[in-house]
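To start, the structure under review is shown below, and the notes come after it.
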There are 2 protein chains.
Amino acid sequence: MTRVTIQQVAAAAGVSPSTVSNLLNGRTNRMVPATKERIERAIAELGYRPNRAARQLRTGRTQTVGLIVPSVGNPFWGAFARELEVAALAVGCNVLLCNSERDPDRERRYVEELWEDGVRGIVLCSSLPTLDHLADIVRRGLRLVTFDRPAQAGDPEEVVSVSINNHVGGFLATSHLTELGHERLTFVSGSLAAVNRTGRFRGFCTALEGADLDPAAMPTWTAGGGAPFGDVEAAQVGRQAAHDLFSGTVEPPTGIVAINDMTALGFCRGLRDQGLHVGKDVSVVGFDDIILAELYDPPLTSVRQPISRMASLSLEEALKEDDREPGRSVLLRPELVVRDSTASPTGATAPVVTDEDGVLQ
Amino acid sequence: MTRVTIQQVAAAAGVSPSTVSNLLNGRTNRMVPATKERIERAIAELGYRPNRAARQLRTGRTQTVGLIVPSVGNPFWGAFARELEVAALAVGCNVLLCNSERDPDRERRYVEELWEDGVRGIVLCSSLPTLDHLADIVRRGLRLVTFDRPAQAGDPEEVVSVSINNHVGGFLATSHLTELGHERLTFVSGSLAAVNRTGRFRGFCTALEGADLDPAAMPTWTAGGGAPFGDVEAAQVGRQAAHDLFSGTVEPPTGIVAINDMTALGFCRGLRDQGLHVGKDVSVVGFDDIILAELYDPPLTSVRQPISRMASLSLEEALKEDDREPGRSVLLRPELVVRDSTASPTGATAPVVTDEDGVLQ
DNA sequence: CGATGCCGGTGTAACGATGCACTAAACTAG
DNA sequence: CTAGTTTAGTGCATCGTTACACCGGCATCG
């Protein structure tokens with residue numbers, strides 16, 4: 001019931017608390033092996049566990065990293081959070097999870113709070129175009145890693161970013177469709193001025209141009225500026241898009257590139273609302289390759305993010321103490337996973353199916 | 001950069017640190033309004049924020065609750081985590097999230113760690129049949145709330161539980177199918193000896209009996225005892241089940257009740273693998289009503305858990321200080337959401353069948 | 001041989017907030 | 001007017017750990 005303190009251990013081992021502390025902090029070179037062993041035995045026998053609060057009070061440090069995601073209700077972020085925790089556990093860290101709901105105020109509040117709580121670093125999944133609202137905290141020494149948001153021109157240079165190459169991702173998704181013969185494509189995303197969105201859209205345009213198609217001639221769609229859709233509501237965006245694009249007078253597209261899988265799935269749902277069939281009437285490519293992409297009917301073609309690798313990298317950067325390499329930006333290459341939601345616009349050809357396990361542990 | 005301390009505030013307000021502390025802890029009756037105001041102004045001007053570590057070291061308490069879920073990679077748990085955070089935020093609490101991956105060791109380690117870190121309470125999402133591995137910690141004063149796991153006979157009496165009435169849920173799902181005219185039903189779940197599973201299965205049986213059907217005569221399926229499927233792999237379970245049930249020599253069921261939506265979706269995927277159509281050839285009912293149930297094609301009929309309400313309740317119980325009402329068990333009523341994955345068994349006759357005799361119960 | 005350096009380890013003052021025990025002043029009652 | 005009580009606020013020890021400064025003893029060296 002009463003917690004064991006370092007003094008009790010010291011007493012039991014016949015040394016001073018300082019020596020126990022030295023052992024605990026890896027300064028074993030300052031003691032003879034026999035002493036080390038005595039202390040270790042005492043620790044084991046008494047079941048001693050250092051008191052974190054005391055430790056933190058003294059050092060100002062924690063073994064915790066903060067993770068701020070738009071919403072763990074979104075399977076992509078849930079999966080990422082899980083991977084980050086796995087990585088953290090492996091190096092004895094804790095993850096403190098926060099949902100920003102893409103609210104800049106909330107995001108800032110969380111960053112401040114985490115910083116005040118002395119986290120070692122923060123992995124921030126934000127797509128805000130600027131980090132101005134965090135600049136001062138970063139300057140004061142916060143170790144910040146942005147995920148899924150490549151470094152931008154105006155960012156504080158101390159910030160490190162980890163993300164996929166969105167341009168390539170958008171390109172892969174789009175050229176897959178053009179290669180299948182599609183000539184009328186639409187890029188579907190929420191109205192959020194998200195950074196990853198512009199990259200993906202640029203890739204979309206590049207691929208179109210490569211296929212001698214004019215991006216400007218494509219039917220376009222963006223969420224109405226009004227409601228700033230959250231991450232869980234991403235599906236709503238897609239559904240709305242399908243309704244708008246296929247119920248108007250304008251000739252609808254035959255292929256869709258969605259900003260993420262939730263939006264893509266929502267879009268598929270919207271098509272169904274109107275009796276249209278994904279992979280036959282319309283081809284849809286998603287982004288992220290969440291676990292549900294493969295389960296969907298039809299299984300969704302998607303651009304996969306190497307989530308596990310990205311989680312380790314993010315953690316690593318968030319924990320780095322000194323050898324700061326400011327402005328470092330890690331861009332990983334995404335991979336297109338072709339499934340059944342895409343086909344030639346004739347609807348006749350059956351595409352290749354790549355079935356891979358998406359999960360690890 | 002240097003953090004503001006309570007002393008600096010005290011100096012600025014011309015009082016002693018004790019008085020500031022008194023204000024901070026709501027003991028405002030011990031000071032004259034003018035003083036209170038002066039202190040408040042000083043706090044605002046200096047931007048003072050109490051140091052949590054120091055506070056915790058002194059008091060032994062936190063404003064944190066622990067949440068242990070099988071895996072936030074699973075959308076159901078992701079959604080729940082999000083709701084709990086919303087509830088916590090409203091009362092100024094933090095949530096420390098941990099993924100147990102349904103590993104009892106990991107679960108125990110997390111509980112211990114959280115307890116040592118002084119969390120105010122823990123919301124544990126475990127379906128383990130016994131809580132013996134946590135009994136001693138609970139006796140030592142841990143405020144433990146189990147979610148999605150109704151109280152069991154051998155549980156420590158201090159434990160409070162919040163969950164839906166699984167028996168009712170299983171009953172609703174199943175009687176929906178029998179009312180549609182289905183007479184051959186199978187209950188699909190992983191092999192985990194999860195508590196919610198038995199409740200749901202009992203509801204399944206009750207409903208069958210109510211429709212004059214014999215549970216024992218139903219084609220059964222349970223995951224092979226070997227691999228203990230995790231939560232993210234729940235979909236695999238369903239897919240496997242579909243393969244087994246519809247590729248053998250035994251006459252397959254026309255209706256399925258799955259232990260949760262992920263399994264249900266996996267099952268649908270498995271049906272598709274064999275060219276069968278959900279809602280036509282086979283009816284499928286899921287459990288949880290995750291956001292993707294509605295997006296699926298066809299939209300999935302599912303038993304909805306009132307997740308938001310359950311989150312507030314869980315938090316409330318986890319934070320309660322004194323007025324313990326031991327062994328309290330809150331059972332909420334689930335609700336059936338009928339969508340397109342269920343219909344009358346008019347469909348064509350099913351293929352031939354094999355037998356994978358897993359045993360239910 | 002005295003000085004120097006190193007090894008193995010200890011003493012102690014914090015880190016920042018809390019809350020009990022205490023008190024000076026003001027007020028109340030008899 | 002004195003004793004008792006309330007009001008408004010203070011002093012100080014303390015939570016458990018850390019890290020810097022220090023120290024005695026022994027080996028080495030010029």
Side-chain angles (χ1 to χ4, degrees), chain A residues 1-40 42-43 46-64 92 113 115-120 141 321, chain B residues 1-40 42-43 46-64 92 113 115-120:
Chain A
M1 166 151 183
T2 313
R3 315 203 205 298
V4 182
T5 77
I6 204 173
Q7 279 90 350
Q8 298 174 30
V9 173
V15 294
S16 80
S18 304
T19 306
V20 180
S21 172
N22 282 336
L23 173 60
L24 256 37
N25 293 64
R27 288 180 279 269
T28 55
N29 56 331
R30 289 186 173 268
M31 71 198 66
V32 90
T35 309
K36 184 187 163 200
E37 230 169 78
R38 277 207 328 280
I39 300 176
E40 276 168 349
I43 288 177
L46 298 176
Y48 166 74
R49 321 268 331 231
N51 177 316
R52 293 199 179 214
R55 218 171 204 182
Q56 183 185 345
L57 175 59
R58 189 65 244 262
T59 63
R61 293 195 188 165
T62 331
Q63 281 302 89
T64 302
E113 200 176 303
W115 167 241
E116 279 167 7
D117 283 0
V119 296
R120 287 185 58 181
E321 277 303 305
Chain B
M1 166 153 182
T2 314
R3 317 202 204 297
V4 182
T5 76
I6 203 172
Q7 280 89 352
Q8 297 173 32
V9 173
V15 294
S16 80
S18 303
T19 305
V20 180
S21 172
N22 282 336
L23 173 58
L24 256 37
N25 293 65
R27 288 180 279 269
T28 56
N29 56 332
R30 289 184 174 268
M31 69 197 68
V32 89
T35 308
K36 183 187 163 201
E37 232 170 76
R38 277 207 328 281
I39 300 178
E40 276 168 349
I43 288 178
L46 298 177
Y48 167 73
R49 321 267 330 232
N51 179 315
R52 292 200 181 212
R55 222 173 201 178
Q56 183 185 344
L57 176 59
R58 192 65 245 263
T59 63
R61 305 233 157 149
T62 332
Q63 281 301 91
T64 302
E113 201 175 303
W115 167 241
E116 279 167 7
D117 283 0
V119 296
R120 286 186 57 183

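Chain letters run A, B, ... following the sequence lines, proteins first, then strands; residues in each count from 1.
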Is there a side-chain polar atom (N or O) of B:R58 under 4.0 Å from OP1 or OP2 of D:dG16? no
Please compare A:L24 and B:T35 by the position of their nearest nucleotide in DNA chain D and report the one closer to 5'. B:T35
About how many Å separate CG of A:N22 and NZ of A:K36, when rounded to the nearest 0.5 Å? 13.0 Å
Strictly below 4.0 Å: does A:S21 bring a side-chain N or O up to OP1 or OP2 of D:dT18? yes
Kindly say if A:R55 contacts the phosphate of D:dT18, meaning a side-chain N or O under 4.0 Å from OP1 or OP2. yes
Within the structure shown, what part of the strands sits under 4.0 Å from A:Q7 by heavy-atom distance: base, sugar-phosphate, or nothing? base
N/O donor-acceptor pair under 3.5 Å between B:E116 side chain and A:P50 backbone: no
Is it true that a side-chain atom of A:S21 and a backbone atom of A:P17 form a donor plus acceptor pair closer than 3.5 Å? no
Separation of B:R61 atom CZ from D:dT14 atom P, in whole Å? 21 Å
At less than 4.0 Å, is any side-chain N or O atom of B:S16 found next to OP1 or OP2 of D:dG9? Yes or no. no
By the 4.0 Å heavy-atom rule, please label A:R27 as base, sugar-phosphate, or nothing. sugar-phosphate
Just the rounded figure in Å: distance from P of C:dG8 to CZ of A:R38. 13 Å
Hey, could you give me the CE/CZ distance between B:M31 and B:R38, rounded to the nearest 0.5 Å? 10.5 Å
Please state how far atom CZ in A:R3 lies from atom P in D:dG16, giving the value in whole angstrom units. 9 Å
Is there side-chain contact between A:L24 and A:I39, with at least one heavy-atom pair below 4.5 Å? no
Does B:N25 make a side-chain N or O approach to OP1 or OP2 of C:dT18 shorter than 4.0 Å? yes
With heavy atoms under 4.0 Å as the rule, sort A:V20 into base, sugar-phosphate or nothing. nothing
From CG of B:N51 across to C1' of C:dG16 the rounded distance in Å is 6 Å
Taking for each residue the nucleotide of DNA chain D bearing the nearest heavy atom, is the 5' side occupied by B:T59 or by B:K36? B:K36
Establish, with yes or no, whether the OP1 or OP2 oxygen of D:dC15 is under 4.0 angstrom from a side-chain nitrogen or oxygen of A:T5. no
Separation of D:dC22 atom C1' from A:N22 atom CG, nearest Å, is 14 Å
The side chain of A:S18 lies closest to which of these nucleotides: D:dT17, C:dT10, D:dG9? C:dT10
Quick one: A:R30 CZ to C:dC6 P, roughly how many Å, whole number? 12 Å
Got a second to check how far A:T62's OG1 is from A:R52's CZ, nearest 0.5 Å? 9.0 Å
Whole angstrom is fine here: how far is it from CG in A:L46 over to C1' in D:dG16? 15 Å
Nearest-angstrom distance from the residue atom CG of A:L57 to P of C:dA14: 14 Å
Ranking D:dT17, C:dG9, C:dT18 by distance to the side chain of A:V32, first place goes to C:dG9
May I ask you to say what A:T19 touches in the nucleic acid, namely base, sugar-phosphate or nothing, with a heavy-atom cut-off under 4.0 Å? base
